[in-house]
There are 2 protein chains.
Amino acid sequence: MTRTDEKVRYSPEGKGSAYTPVTAAEGVEQAFRILEGRWKLLILFHLFGGKLLRFSELERAIPAISQKMLIQQLRQMEGDGVVRRIVHHQVPPRVEYGLTDWGQALCPALDALLTWAALRENGPDTVT
Amino acid sequence: MTRTDEKVRYSPEGKGSAYTPVTAAEGVEQAFRILEGRWKLLILFHLFGGKLLRFSELERAIPAISQKMLIQQLRQMEGDGVVRRIVHHQVPPRVEYGLTDWGQALCPALDALLTWAALRENGPDTVT
DNA sequence: CGGCATCCCCCGTGATACTG
DNA sequence: CAGTATCACGGGGGATGCCG
């Protein structure tokens, strides 16, 4: 590494957005807070692609999850604006869950992480 | 903004990289496992850009962290191949920490998450 | 300087039972 | 069908003190 003396805030595009290590970490942690949770990613990937799934369909798609955890994770993501809840007032009750636009926008970001994780195996360690 | 409302699914129908909701979630969770931890992101962002920092420098950079947590998070990331530990055998002891190439490769992925998180405020929610 | 060991607490998670 | 409520547990994380 040649020059590291510059005040590089790791900024990729050198645009107006200047991140310090602290603010950048906080931003990512904010994202992590939303995604953290034993089942959230699993739920998310079941909902990607604009799919709408009923509560019971999600239960079947994720057999190991309990009703409590399913509703808890869904509620949290709904509160965070990632998941949207569509209630059909009828008997028997019909509730569907899907992603918001912002939730859909997670796809490329998670894909980047997926790609990164895959590098571990593919990449020949240049780890000095 | 990029259009994510179309066929941006991770393509289960596609060829080559066929992720199911389960495998994709597992992949991202694998990445999350590595990044999860109260201080890891903060440490990471202090190390981005090929910077090498001593233990005591990291302590000063992150005042709120305890020695136990600092070494714990560093060790875990070292074990995961994200952080590399450089020991200079001398008196007094001198130990520096930096990122592996794989660790550096996290930058764009985390940037994607950062960008996504920023969308929440900037983007006028068309959350239907 | 750069750790390691111990105790303690909190909260996320799981199991189970009940309800509109 | 789609939840709600309660109890219990384990581990991640904080504070503190000691070692090479």
Side-chain angles (χ1 to χ4, degrees), chain A residues 22 25-26 28-44 46-47 51-80 82-99, chain B residues 22 25-26 28-44 46-47 51-80 82-99:
Chain A
V22 174
E26 282 174 353
V28 178
E29 272 164 9
Q30 193 180 347
F32 268 55
R33 280 242 165 263
I34 295 171
L35 277 354
E36 272 178 24
R38 181 76 181 75
W39 306 97
K40 288 185 183 174
L41 287 172
L42 204 41
I43 295 171
L44 240 28
H46 274 288
L47 259 29
K51 282 176 287 190
L52 293 182
L53 293 179
R54 300 182 57 171
F55 187 85
S56 54
E57 289 177 318
L58 281 169
E59 276 191 285
R60 260 176 282 119
I62 311 171
I65 201 175
S66 68
Q67 290 184 323
K68 172 197 164 185
M69 289 312 298
L70 179 55
I71 193 61
Q72 182 189 96
Q73 309 275 292
L74 283 170
R75 291 274 200 239
Q76 288 179 7
M77 290 197 288
E78 186 193 2
D80 288 326
V82 175
V83 163
R84 63 201 171 112
R85 182 168 179 269
I86 304 119
V87 183
H88 305 267
H89 292 88
Q90 43 182 281
V91 180
R94 179 185 186 86
V95 181
E96 289 181 318
Y97 292 91
L99 295 181
Chain B
V22 175
E26 282 174 353
V28 178
E29 272 164 10
Q30 193 180 345
F32 268 55
R33 280 240 166 263
I34 295 171
L35 278 354
E36 272 178 24
R38 181 77 179 76
W39 307 96
K40 289 186 182 173
L41 287 172
L42 204 42
I43 296 172
L44 241 27
H46 275 286
L47 259 28
K51 283 176 286 190
L52 293 182
L53 294 179
R54 299 182 57 172
F55 187 85
S56 53
E57 288 177 320
L58 281 168
E59 275 192 286
R60 260 176 282 120
I62 312 171
I65 200 174
S66 67
Q67 291 183 326
K68 171 197 165 185
M69 289 313 298
L70 179 55
I71 192 59
Q72 181 190 97
Q73 310 274 292
L74 283 170
R75 290 279 200 238
Q76 288 179 8
M77 290 197 287
E78 186 194 0
D80 288 327
V82 174
V83 163
R84 62 201 173 113
R85 184 168 178 266
I86 304 118
V87 182
H88 305 268
H89 292 89
Q90 42 181 281
V91 179
R94 179 185 184 86
V95 181
E96 290 180 318
Y97 293 90
L99 296 180

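Heavy atoms only: backbone and side chains are in, while hydrogens, waters and symmetry mates are out. Protein chains get the first letters and strands the later ones, always in sequence-line order, with residue 1 at the start of each.
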TODO: Return the set of residues passing ring-ring contact (aromatic ring centres under 6.0 Å, His included) with B:Tyr97 (not counting sequence neighbours), or none when no residue passes.
DONE: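 Here no residue qualifies.
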
- [ ] Determine: side-chain N/O of B:Arg38 to OP1/OP2 of D:dG11, distance under 4.0 Å, yes or no.
- [x]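 No, no such contact exists.
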
Open item on the list: Under 4.0 Å from OP1 or OP2 of D:dG12: is there any side-chain N or O of B:Trp39 that close?
Closed with: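 Looking at the OP1 and OP2 atoms of D:dG12, neither is under 4.0 Å from any side-chain N or O of B:Trp39.
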
In whole Å, I'd like the distance from the [atom1] atom of [X] to the [atom2] atom of [N].
| X | N | atom1 | atom2 | value |
| --- | --- | --- | --- | --- |
| A:Arg33 | D:dG12 | CZ | C1' | 12 Å |
| B:Glu36 | D:dG11 | CD | P | 15 Å |
| A:His88 | D:dG3 | NE2 | P | 12 Å |

State which residues pass side-chain contact (heavy atoms from CB on, under 4.5 Å) with [X]; sequence neighbours excluded, sorted by chain then number.
| X | answer |
| --- | --- |
| A:Gln67 | A:Phe55, A:Glu59 |
| B:Arg94 | B:Arg54, B:His88, B:Gln90, B:Glu96 |
| B:Val87 | B:Arg85, B:His89, B:Val95 |

Task: For A:Arg38, all residues meeting salt bridge (Lys or Arg N to Asp or Glu O under 4.0 Å), sequence neighbours excluded - done: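 Checked A:Arg38 against salt bridge (Lys or Arg N to Asp or Glu O under 4.0 Å); zero matches.
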
Open item on the list: Run the salt bridge (Lys or Arg N to Asp or Glu O under 4.0 Å) test against B:Glu78 and tell me which residues pass, sequence neighbours left out.
Closed with: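 Partners of B:Glu78 by the salt bridge (Lys or Arg N to Asp or Glu O under 4.0 Å) criterion, ordered by chain and then number, come out as B:Arg75.
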
How long is the span from the [atom1] atom in [X] to the [atom2] atom in [Y], to the nearest 0.5 Å?
| X | Y | atom1 | atom2 | answer |
| --- | --- | --- | --- | --- |
| B:Lys40 | B:Arg33 | NZ | CZ | 9.5 Å |
| A:Met77 | A:Arg84 | CE | CZ | 13.5 Å |
| A:Gln73 | A:Glu36 | CD | CD | 11.0 Å |
| B:Leu35 | A:Glu29 | CG | CD | 10.0 Å |
| A:Arg60 | A:Ile65 | CZ | CD1 | 14.0 Å |

Open item on the list: Over the length of the helix from C:dC1-D:dG20 to C:dG20-D:dC1, how much do the five-pair end axes diverge, rounded to 10 degrees?
Closed with: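 Comparing the axis at each end, I get an angle of 50°.
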
Task: Residue-level proximity of residues 92-99 of chain A to DNA chain D when a heavy atom falls under 4.0 Å - done: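 Residues of residues 92-99 of chain A that come under 4.0 Å of DNA chain D are, in numerical order, A:Pro93, A:Arg94, A:Val95, A:Tyr97.
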
Open item on the list: Can you list, in residue-number order, the parts of residues 61-78 of chain A that come under 4.0 Å of DNA chain D, counting heavy atoms only?
Closed with: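 A:Gln67, A:Lys68, A:Ile71, A:Arg75 - these, ordered by number, are the residues of the stretch whose heavy atoms sit under 4.0 Å from the strand.
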
Task: Along DNA chain C, first and last positions that approach a heavy atom of chain A under 4.0 Å - done: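 For DNA chain C, the relevant span reads C:dT13 to C:dG20.
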
- [ ] Run through B:Ile62, B:Leu44, B:Leu58 and flag the one making a side chain to side chain contact (heavy atoms under 4.5 Å, CB included) with B:Trp39.
- [x]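 Single side chain to side chain contact (heavy atoms under 4.5 Å, CB included) partner of B:Trp39 among B:Ile62, B:Leu44, B:Leu58: B:Ile62.
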
Task: Counterpart residues, side-chain hydrogen bond (donor to acceptor under 3.5 Å, both in side chains), relative to A:Gln30 (two or more places apart) - done: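 Scan of A:Gln30 (side-chain hydrogen bond (donor to acceptor under 3.5 Å, both in side chains), adjacent residues dropped) gives none.
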
